[in-house]
Engineer: 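Starting off with a structure, shown below.
We count residues from 1, following the sequence as given.
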Amino acid sequence: PGSPEPYRSDSWRIYTRTDGLEMGRGPRTFQSSDGNIWAVSNDAWADINRFDGSTWEVVRHGIPDAKTTHTSILETQDRTLWIGGNALLSRRDGTWRLHTPADLDLPSVRTRLLSTSDGHLWVAGFEDHAVRLDYGNSRVRTYSDVAYQTEGADGSRWFVSERGVA
């Protein structure tokens with residue numbers, strides 16, 4: 001599969017269900033290191049979509065009871081694709097895994113994912129706690145009463161408390 005062409009202001013193409021794109025409300029897109037474009041959405045009925053540069057396809061993870069909303073998508077340094085929502089899905093070397101709140105003390109609400117330069121994956125729940133996963137060592141650290149916001153250019157991490165204090 002070829003890599004999608006870079007953005008050019010004179011070339012726009014709208015993709016729809018007719019093209020194989022199954023998208024719901026609140027779409028999220030991400031380009032992985034292999035050049036594929038991934039698209040997910042907040043709707044539980046909409047699946048995971050992959051564009052290889054010419055064709056959209058619906059990707060089925062094959063995990064029973066893992067039909068969730070997908071509110072965030074990213075790839076970590078080890079080339080694992082992560083999809084956050086009401087649960088956490090990961091895909092590495094073509095194999096999907098489901099990570100539940102009970103497994104890793106993950107937020108049990110919709111989540112936002114962030115990857116930091118030091119190799120950690122942050123899973124932050126909407127109006128819930130944030131969890132730092134060291135996916136290389138399978139370690140978890142939970143931060144209560146804060147919402148992870150972003151990483152600064154210098155590597156500093158910014159959190160906001162429930163009271164609005166940064």
Side-chain angles (χ1 to χ4, degrees), residues 1-104 106-126 128 130-138 148-151 153:
S3 204
E5 289 189 30
Y7 164 77
R8 292 187 346 235
S9 62
D10 63 340
S11 64
W12 285 90
R13 169 85 201 279
I14 296 174
Y15 292 97
T16 66
R17 203 174 264 259
T18 306
D19 301 299
L21 179 62
E22 189 174 293
M23 192 57 33
R25 295 174 293 121
R28 304 283 191 270
T29 59
F30 180 79
Q31 184 169 14
S32 55
S33 60
D34 61 5
N36 287 320
I37 303 290
W38 294 83
V40 297
S41 75
N42 286 336
D43 286 328
W45 60 264
D47 283 305
I48 301 164
N49 300 270
R50 179 177 53 207
F51 183 69
D52 65 5
S54 59
T55 307
W56 281 102
E57 74 170 309
V58 173
V59 177
R60 310 259 187 239
H61 48 65
I63 301 172
D65 302 323
K67 188 72 170 168
T68 68
T69 60
H70 306 300
T71 54
S72 195
I73 182 169
L74 61 77
E75 183 180 56
T76 48
Q77 295 171 3
D78 67 347
R79 298 182 66 143
T80 300
L81 184 71
W82 297 88
I83 299 175
N86 293 26
L88 181 63
L89 290 168
S90 65
R91 182 180 189 267
R92 182 166 168 87
D93 299 326
T95 302
W96 288 96
R97 288 187 57 203
L98 174 66
H99 312 272
T100 65
D103 296 336
L104 298 173
L106 297 171
S108 59
V109 296
R110 293 177 298 134
T111 57
R112 178 177 176 204
L113 304 177
L114 299 144
S115 181
T116 57
S117 58
D118 63 357
H120 291 104
L121 173 67
W122 287 87
V123 182
F126 291 108
D128 201 341
V131 175
R132 184 182 78 178
L133 303 176
D134 182 348
Y135 50 86
N137 297 321
S138 301
Y148 183 62
Q149 297 299 304
T150 191
E151 179 178 15

Engineer: Sequence neighbours left out, what passes side chain to side chain contact (heavy atoms under 4.5 Å, CB included) with Ser72? Give chain and number order.
Structural biologist: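 Ser72: side chain to side chain contact (heavy atoms under 4.5 Å, CB included) contacts with Arg112, Leu113.
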
Engineer: At what distance, to the nearest 0.5 angstrom, does CG of Leu114 lie from NE2 of His120?
Structural biologist: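 Rounded to the nearest 0.5 Å, the CG-NE2 separation comes to 13.5 Å.
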
Engineer: Between atom CZ of Arg97 and atom NE2 of His61, what is the distance when rounded to the nearest 0.5 Å?
Structural biologist: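 Taking CZ in Arg97 and NE2 in His61, the distance rounds to 14.5 Å.
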
Engineer: Using side chain to side chain donor-acceptor pair (under 3.5 Å) as the criterion, list what pairs up with Arg79, not counting sequence neighbours.
Structural biologist: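 By the side chain to side chain donor-acceptor pair (under 3.5 Å) rule, Arg79 matches Ser33.
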
Engineer: Supply the atom-to-atom distance Thr80 OG1 to Glu75 CD, rounded to the nearest 0.5 angstrom.
Structural biologist: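 Answer for the OG1-CD pair, Thr80 versus Glu75, is 8.0 Å.
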
Engineer: Looking at residues at least two apart in the chain, or sitting in another chain, which of them share a side chain to side chain donor-acceptor pair (under 3.5 Å) with Ser32?
Structural biologist: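 Checked Ser32 against side chain to side chain donor-acceptor pair (under 3.5 Å); matches are Asp34, Trp38.
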
Engineer: Looking only at heavy atoms, which two atoms of Leu74 and Ser115 are closest? And how far apart?
Structural biologist: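 For Leu74 versus Ser115, the nearest heavy atoms are CD2-N, 3.6 Å.
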
Engineer: Begin with the C-alpha distance, continue with both residues' side-chain angles, and end with the deciding distance and a verdict on side-chain contact (heavy atoms from CB on, under 4.5 Å) for Tyr15 and Asn49.
Structural biologist: CA-CA 12 Å; Tyr15 292 97; Asn49 300 270; over 6 Å; no

Engineer: Indicate yes or no: at least one non-hydrogen side-chain atom of Ile83 is less than 4.5 angstrom from one of Phe30.
Structural biologist: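 They are not in contact (no side-chain heavy atoms under 4.5 Å apart), so the answer is no.
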
Engineer: Atom CZ of Phe51 and atom CG of Asp19: how far apart are they, to the nearest 0.5 Å?
Structural biologist: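 It comes to 8.5 Å.
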
Engineer: Of all residues at least two apart in sequence or in a different chain, which pass the salt bridge (charged side-chain N to carboxylate O under 4.0 Å, His left out) check with Arg50?
Structural biologist: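 With neighbours one apart ignored, the set is Glu57.
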
Engineer: Shortest non-hydrogen contact from Gly35 to Gln31?
Structural biologist: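 For Gly35 and Gln31, the tightest heavy-atom pair comes out as O-NE2, 3.2 Å.
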
Engineer: Go through the steps to decide whether Ile73 and Ile48 satisfy the test side-chain contact (heavy atoms from CB on, under 4.5 Å), and finish with yes or no.
Structural biologist: CA-CA 10 Å; Ile73 182 169; Ile48 301 164; 5.6 Å; no

Engineer: Could you tell me which residues satisfy side chain to side chain donor-acceptor pair (under 3.5 Å) with Thr16, sequence neighbours excluded, listed by chain and number?
Structural biologist: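 Partners of Thr16 by the side chain to side chain donor-acceptor pair (under 3.5 Å) criterion come out as none, since no residue qualifies.
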
Engineer: Taking the side chain as everything from C-beta on, heavy atoms only, tell me whether Trp56 gets closer than 4.5 Å to Ile37.
Structural biologist: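 Counting from C-beta outward, Trp56 and Ile37 do come under 4.5 Å.
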
Engineer: Partners of Thr71 by side chain to side chain donor-acceptor pair (under 3.5 Å), sequence neighbours excluded?
Structural biologist: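 None.
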
Engineer: What distance do Asp93 atom CG and Leu81 atom CG have between them, rounded to the nearest 0.5 Å?
Structural biologist: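 Here the rounded value is 12.0 Å.
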
